[in-house]
Undergrad: 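Got a structure here, written out as structure tokens. Questions coming.
Please read these numbers as outputs of a predicted model, since none were measured by experiment. Atoms within a ligand are numbered from 1 in the order they appear, just like the ligands themselves.
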Amino acid sequence: MRDSPQFNLSAELLDWYDRHAREMPWRVGPADRAAGVVPDPYRVWLSEVMLQQTTVAAVRDYFTRFTTRWPTVQALAAAPDDQVMGEWAGLGYYARARNLLKCARVVADKHNGRFPDTYDALLDLPGIGPYTAAAISAIALDRPETVLDGNVERVMARLYDIHDPLPGSKPVLKERAAALTPELRPGDYAQAVMDLGATICTPKSPACGICPVQTPCLARAAGTQPELPKKSPKKPKPTRFGHVYIAQHPNGAFLLERRPDKGLLGGMLGWPGSDWSETPPEAPPFSAEWRALNGEVRHTFTHFHLVLRIWTAPLPEGTEPDGLTLLPKHDFKPGDLPTVMRKAYDMWRGQ
Ligand code: SF4
């Protein structure tokens, strides 16, 4: 960043945030905060867990549904697992939903329903890593913690014209971000940098002409902002293959399985199926007149692409194989399935 004695970056950014803060259902805006409204750590925590690996737009409706149904951490802690997993369906990364429940129960049982108020104690809770602990500390408790998400990384890399690629450059970017965090209004400041990255210092075509911190920005001066931050090349994702089996009883009931708690889609309801591997898999869960549907379901997880073949059969009378659940038609809600399983259902329904 360029030295500029007249330029106070955090003050300029806070001033900009006061006028342009994004409205979000979990956020206490700068005017409300100035009027003494204190953010609810439960809502901050829930939003931060939901926002990992996804966008504000994708999370809004989930957040509203969760907080309408479970307005407090105690209410969430008391909710049955399958209802929470059902509400989470479609958000992905299902381990987060399981940890969400574990964390809610620890806060309800061991902390009297109040989130702890130090970074270290937050870090001890299930599913809370350094990023989320810093975000709750800064946003809910107004502590000067450094919240380093993708937006903040991009803003720091550009302000300081840092060309070392991510993820290796994270510690340097964090150091820079920490050095800029003010003692006054650190919670608003953390959100201001994130908003700047999300709305002005965007990955493509940053709007430098209207940026409140354009004066000291080194990348803008050098013309390198479009190429920052640099990223180490990613390894190509492998493709795995699998089969799922959709069987329906003449009375409309479906045969489903609850996936094991550990592993991908853990704890979610899905169609019985094979393992997902790079070699084609084993036999169906029971013998029936299986028919393959035309086409395949394709889905991409963090570490691999998945190609699924879908098979269907009428469920022979009296069949209920071990470990599977016959779910009556009126209890079956496609929206409770994780996205890949819902894609399989949609294909089945279309044929
Ligand atoms: Fe980003 Fe441009 Fe602002 Fe620099 S001047 S922080 S590159 S938007």
Undergrad: Distance from I136 atom CD1 to Y131 atom OH, nearest 0.5 Å?
TA: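 That separation rounds to 10.0 Å.
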Undergrad: Quick one: does K343's side chain get under 4.5 Å of R298's, heavy atoms only?
TA: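 Heavy-atom side-chain distance check fails, nothing below 4.5 Å.
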Undergrad: Quick one: nearest non-hydrogen protein atom to atom 3 (Fe) of ligand 1, plus distance?
TA: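 Ranked first by proximity to atom 3 (Fe) of ligand 1 is C211 SG, 2.4 Å.
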Undergrad: Of the protein's non-hydrogen atoms, which lies at the shortest distance from atom 1 (Fe) of ligand 1, and what is that distance?
TA: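 Looking at atom 1 (Fe) of ligand 1, the protein heavy atom closest to it is C201 SG, 2.4 Å.
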Undergrad: For the atom pair CG (L159) and SG (C211), what is the distance rounded to the nearest 0.5 Å?
TA: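 Taking CG in L159 and SG in C211, the distance rounds to 7.5 Å.
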Undergrad: Could you list the atoms of ligand 1 found under 4.0 angstrom from a heavy atom of R158?
TA: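 Checking each atom against R158, I get 7 (S).
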Undergrad: Are any N, O or S atoms from C208 nearer to atom 2 (Fe) of ligand 1 than 2.8 Å?
TA: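 Yes, within the cut-off.
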Undergrad: Consider only side-chain N and O atoms of T132 and Q52, and report whether a donor and an acceptor are under 3.5 Å apart.
TA: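 Looking only at side-chain atoms, Q52 and T132 do form a donor-acceptor pair, the distance falling under 3.5 Å.
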Undergrad: Report yes if the side chains of L326 and L315 come closer than 4.5 Å at any heavy-atom pair, otherwise no.
TA: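 Side-chain contact under 4.5 Å: yes.
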Undergrad: Go through the side-chain N and O atoms of N99 and R96 and say whether any donor and acceptor fall under 3.5 Å apart.
TA: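 Short answer, no.
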Undergrad: Check each atom of ligand 1 against the heavy atoms of Q214 and keep those under 4.0 Å away; list them by number with element.
TA: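 Once the distances to Q214 are compared, the set is 5 (S).
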Undergrad: Of the protein's non-hydrogen atoms, which lies at the shortest distance from atom 4 (Fe) of ligand 1, and what is that distance?
TA: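 That would be C217 SG, 2.4 Å.
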Undergrad: Please report which non-hydrogen protein atom sits nearest to atom 7 (S) of ligand 1, along with the residue it belongs to and the distance in Å to one decimal place.
TA: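 Among all protein heavy atoms, the one nearest atom 7 (S) of ligand 1 is Q225 CB, 3.5 Å.
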